[in-house]
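Step one of this worksheet: look at the structure below.
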Amino acid sequence: MNVSEAIASRRSVRAFQPKPVPGEVIRRVLERALRAPSGGNLQPWHLHAVGGERLDALKATMRDRMLQAPAPDGEGAEYKVYPDQLPSPYRDRRFAVGEAMYASLGIPRDDKPARLRWFARNFQFFDAPLALFCTVDRLMGPPQWSDLGMLLQSVMLLLREEGLDSCAQECWALYPQTIGRFLELPEGRMLFCGMAIGYADRGHAVDALQTARAPLAELASFHGI
Ligand SMILES: Cc1cc2nc3c(=O)[nH]c(=O)nc-3n(C[C@H](O)[C@H](O)[C@H](O)COP(=O)(O)O)c2cc1C
């Protein structure tokens, strides 16, 4: 698989087979992903891979926690996942992907409880057998947070090379206390996002979801070219 194929075949997968991911595979992927660039070579990230009984325990904890502190508020996010009053075209793009996802699942727009039930599947990692969290020192700012994205995309592309799929999940920002306790994060470190990892369940309705991209002319300008 070359880079273009890895990029073209990566998409957010939200239904997984129970098939386990061998520990050596995720170790290999993370080892290689650590070559991701970062400003000043700060490498301002920390990754936490969670599987096996520990993952079962986290999924059980989240089932309870979501009854006490239900989504979408959860425990209160430590950072704003989206700006308030998201303007067009961002708001439209967000709306479009949400509508397409619920349409693929056959959930009508006005069925709020069903939408929330599906959203809650995030906190079971969509049944993925492996999870990843990315944390960062609180003192880091936007440039270092952008470095985290480079690392995570590198992970997601390398997973494709291993025949694996993933879904990045910033929804975990809603449960900073539970995840902080679970990962035993020091005071100075905070959670950026989670990631579900495993082998896609191609038979699941949500697998039909196709996400669009704005055309190149809308997102890029060419100067002197
Ligand atoms: C940092 C980040 C966080 C995301 N968080 C979530 C999430 O919490 N739940 C979810 O279902 N999808 C999440 N996504 C997936 C996006 O919705 C998805 O990338 C986007 O709609 C484009 O679709 P594609 O990844 O299939 O190309 C996240 C993606 C990124 C990059």
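When a ligand or atom number is given, it counts from 1 through the structure's own listing order. Remember, it's a predicted structure, so these values are computed and weren't measured experimentally.
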Which atoms of ligand 1 have any heavy atom of Val97 under 4.0 Å away?
21 (O)
Pair Gln17, Asp201: side-chain N/O donor-acceptor within cut-off below 3.5 Å
no
Does ligand 1 have any atom that is closer than 4.0 Å to a heavy atom of Cys193?
no
Validation: residues 102-112 side-chain donor-acceptor distances under 3.5 Å, sequence neighbours left out:
unit_1, atom_1, unit_2, atom_2, d
Tyr102, OH, Arg115, O, 3.4
Ser104, OG, Met101, O, 2.7
Asp111, OD1, Ala114, N, 3.2

Modelled atom types, side-chain donor and acceptor of Gln144 and Ser38, under 3.5 Å
no
Tell me: protein heavy atom nearest atom 27 (O) of ligand 1, and distance?
Arg213 NH2, 2.7 Å
Starting from atom 26 (O) of ligand 1, what is the nearest protein heavy atom, named by residue and atom, and what distance separates them?
Ser12 N, 2.8 Å
Decide side-chain contact (heavy atoms from CB on, under 4.5 Å) for Arg202 and Asp165; before the verdict, give the C-alpha distance in whole Å, the side-chain angles of both, and the deciding distance to 0.1 Å.
CA-CA 11 Å; Arg202 300 280 173 221; Asp165 286 284; 3.2 Å; yes
Contact check, side chains of Leu47 and Leu151, non-hydrogen atoms, under 4.5 Å:
yes
Quick one: nearest non-hydrogen protein atom to atom 9 (N) of ligand 1, plus distance?
Asn122 OD1, 3.0 Å
Considering distance alone, does some N or O of Cys167 sit under 3.5 Å from an N or O of ligand 1?
no
Would you call Cys171 and Phe123 a side-chain contact if the rule is heavy atoms closer than 4.5 Å?
yes
Option from Trp45, Trp145, Trp172 for which ring pair (Phe, Tyr, Trp, His ring centres under 6.0 Å) with Phe192 holds
Trp145
Considering only protein heavy atoms, determine whether one is less than 4.0 Å from atom 20 (C) of ligand 1.
no
For Thr211, the atoms of ligand 1 under 4.0 Å from one of its heavy atoms are 22 (C), 23 (O), 24 (P), 26 (O), 27 (O)
Where's the contact between Leu209 and ligand 1, heavy-atom distance under 4.0 Å: side chain, backbone, both or neither?
neither
May I ask whether Gln153 places a heavy atom under 4.0 Å from ligand 1?
no
Is the shortest heavy-atom distance from the side chain of Glu187 to the side chain of Arg138 under 4.5 Å?
no
Starting from atom 6 (C) of ligand 1, locate the nearest protein heavy atom and write down its residue, its atom name and how far away it is, to 0.1 Å.
Ala168 O, 3.0 Å
Among all the protein's non-hydrogen atoms, which is closest to atom 8 (O) of ligand 1, and how far away is it?
Cys171 N, 3.0 Å
Considering Arg14, Glu170, Arg11, which one's heavy-atom position lies nearest to atom 17 (O) of ligand 1?
Arg14
Quiz question: by atom type and distance under 3.5 Å, do the side chains of Thr61 and Arg63 form a donor-acceptor pair?
no
